[in-house]
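Protein chains get the first letters and strands the later ones, always in sequence-line order, with residue 1 at the start of each. It should be emphasised that the depicted structure is a prediction, and the values quoted were computed from it without experimental measurement.
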There are 2 protein chains.
Amino acid sequence: MLVALGGNAILRRGEKGTAEKQLENIRVTCRHLVKLVVDGYGLIITHGNGPQVGEILLKNELSKSVLAPMPLDVCGAQSQGMIGYMLQQSMRNEMKKAAIEIPVVSLVTQTVVDEWDEAFENPRKPIGLFYSGSEAEVLRREKGWQMVEDSGRGYRRVVSSPEPREIVEWEAIKRLFESGVVVIAAGGGGVPTVMGEDGSLRGVEAVIDKDLVAQMLANYVQADFLLMLTDVENVFLNYRKPSQVTIDRMSVAEARRYLQKGYFAPGSMGPKVEAAIRFVETGGERAIIASLEKAVEALAGSAGTTIQGEG
Amino acid sequence: MLVALGGNAILRRGEKGTAEKQLENIRVTCRHLVKLVVDGYGLIITHGNGPQVGEILLKNELSKSVLAPMPLDVCGAQSQGMIGYMLQQSMRNEMKKAAIEIPVVSLVTQTVVDEWDEAFENPRKPIGLFYSGSEAEVLRREKGWQMVEDSGRGYRRVVSSPEPREIVEWEAIKRLFESGVVVIAAGGGGVPTVMGEDGSLRGVEAVIDKDLVAQMLANYVQADFLLMLTDVENVFLNYRKPSQVTIDRMSVAEARRYLQKGYFAPGSMGPKVEAAIRFVETGGERAIIASLEKAVEALAGSAGTTIQGEG
């Protein structure tokens, strides 16, 4: 099974991103995940990296008068190393407590995107520091960054969020998964790369939706379940409105219809439902969206939202 | 075979550590390594991370009034992600040019050290920024850092360099290696961890000799050769003196004798020769110390220094 961890599995909204706090949260997360291992499931774990890559990027910008700043793809790879390390250490420790000795590793993962993806014409994802109008102008000119005014607080760089096309390291991930190793991979949706005409890869400064990459990886390795764990217990219609409806299960057709009608928030539940649909349509058995705490119940069908081929 | 890359494979002395420069050097490195793949060798690649983890650490110190600095173990994991990414991308690209399609991956790797290692009583490895005497006093008091006066330029933190005891992820590395994947692992000697009485791991702020870890990994995976590539072509006696002698091959007994007589510099050729001795003594066929450019010739015995059981 592939478990896609939401950002709250590592750092909750408003928390200060110290190593201690992140490790503390990750320990709790791993305690939940180990229950799945105890139940006999093989795991591939993917995770977000938004706050972490954001901090690495800021540290680079704040030190740029002294040290060469790293581009976004390299910062993303750093965040994979950092989060992977904390996750694999905690998973091992929590499994050990349950008397389970299974190897756990994190793999640095690259995701290929299309250089001609229309997202590159219209970058929308703000990253890094806020700058004044004149600073923004300099960055625009000298670095070619696209800058936009953001929430009245100044100018920020925006990057694109292209569609994932291929996960470069999927084969090694599959081999390890099939040999019973717990594999952490595709952190933050993978490091974004584009493929030249000669087939060579190079990093690009972009972000990739982590849920869509998790789905792609789940299909590549032929996982039976795609379990997306987040900070809400279910998928809802009319979320946080008086008319809120909890969805326990829905067919792919229903999910597609709700999605098209705009029931799910774009950078939030929308991509999760889209990932669920694609997973099942590409041969996956079941996609489940649930809270971290209810992972086991969600697999048993008594919590969370299950998306399947048949209603 | 296990190939241990020296620091010069990524960044040469005096070069500015931009991403571009490092990627450029890594591309050259990978062109040499691909020759070994073309010759039919399976590869595990280890690498140093000194300048890279140093820069990540400095960026943390320079931004600490704004963002929580990460401890040394987490910075090390970040450097593994970063260097692993650049290496695996370049290896793939260079193999592609040679029409070879073999998966390449980097694994985040932890190394266990002994909490009671005597090195912890006597930390000697300076890291991070230079501080004034009064700043040093504050850091000593508030963070428990050990501070020493360094080369007349101020005070620096010193950390320990304990002996490696175990590589946590060796089994997954071995499985991938045996299945034909090119594996990048144990970057910077692995992230240093200690094991609690309950068997749980936690990171420690230390550095581990990367050559000794490379040797340990080479023995774990039962590699036939340990190839340490550096910026000199051979092991020498009386290096850079008028009486300099080039060693083409030596037995383990000879190597041990020279080492004990102090022929090899401590943090430089010394650990490489020590690693070579341990590798052969633990069952490895041949250890070779050579320059990156002469890797192929060194394997054929016409360059570099070979250390074997028999003279």
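- Note: A:L107 leads A:V181, A:L58, A:L107, A:V104 in heavy-atom pairs under 4.5 Å with chain B.
- Chain A forms the most heavy-atom pairs under 4.5 Å with one residue out of B:V105, B:V191, B:L201, B:L62, and that residue is B:L201.
- With a 4.5 angstrom heavy-atom cutoff, A:M95 does not touch chain B via any of its atoms.
- For B:I173, no part sits under 4.5 Å from any heavy atom of chain A, backbone or side chain.
- Contacts between A:V66 and chain B at a heavy-atom distance below 4.5 Å involve the side chain alone, from C-beta outward.
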Please tabulate the donor-acceptor pairs under 3.5 angstrom that span chain B and chain A, backbone and side chains included.
residue : atom : partner : partner atom : Å
B:K59   : NZ   : A:N60   : OD1          : 2.6
B:K59   : NZ   : A:A68   : O            : 2.9
B:N60   : OD1  : A:K59   : NZ           : 2.6
B:A68   : O    : A:K59   : NZ           : 2.8
B:D73   : OD2  : A:Y85   : OH           : 2.6
B:Y85   : OH   : A:D73   : OD2          : 2.6
B:Q88   : NE2  : A:V108  : O            : 2.9
B:Q88   : NE2  : A:E169  : OE2          : 2.7
B:Q89   : NE2  : A:Q110  : OE1          : 3.0
B:R92   : NH1  : A:G199  : O            : 3.1
B:R92   : NH2  : A:G199  : O            : 3.0
B:N93   : OD1  : A:L201  : N            : 2.8
B:N93   : ND2  : A:L201  : O            : 2.8
B:S106  : O    : A:V108  : N            : 3.0
B:V108  : N    : A:S106  : O            : 3.1
B:V108  : O    : A:Q88   : NE2          : 2.9
B:Q110  : OE1  : A:Q89   : NE2          : 3.0
B:E169  : OE2  : A:Q88   : NE2          : 2.6
B:R175  : NH1  : A:S179  : O            : 2.7
B:R175  : NH1  : A:S179  : OG           : 2.9
B:S179  : O    : A:R175  : NH1          : 2.7
B:S179  : OG   : A:R175  : NH1          : 2.9
B:G199  : O    : A:R92   : NH1          : 3.1
B:G199  : O    : A:R92   : NH2          : 3.0
B:L201  : N    : A:N93   : OD1          : 2.8
B:L201  : O    : A:N93   : ND2          : 2.8

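- Taking A:I184, A:L23, A:L67 one by one and counting their heavy-atom pairs under 4.5 Å with chain B, the maximum is reached by A:L67.
- Rounding to the nearest 0.5 Å gives a distance of 4.0 Å between CG of B:L176 and CG of A:L176.
- Between B:G17 and A:A68, the shortest heavy-atom contact is O-CB, 4.2 Å.
- By number of non-hydrogen pairs under 4.5 angstrom with chain B, the leading residue of A:G81, A:G76, A:G84 is A:G81.
- Annotation: maximal heavy-atom pairing with chain B below 4.5 Å, among A:I83, A:V168, A:I56, occurs at A:I56.
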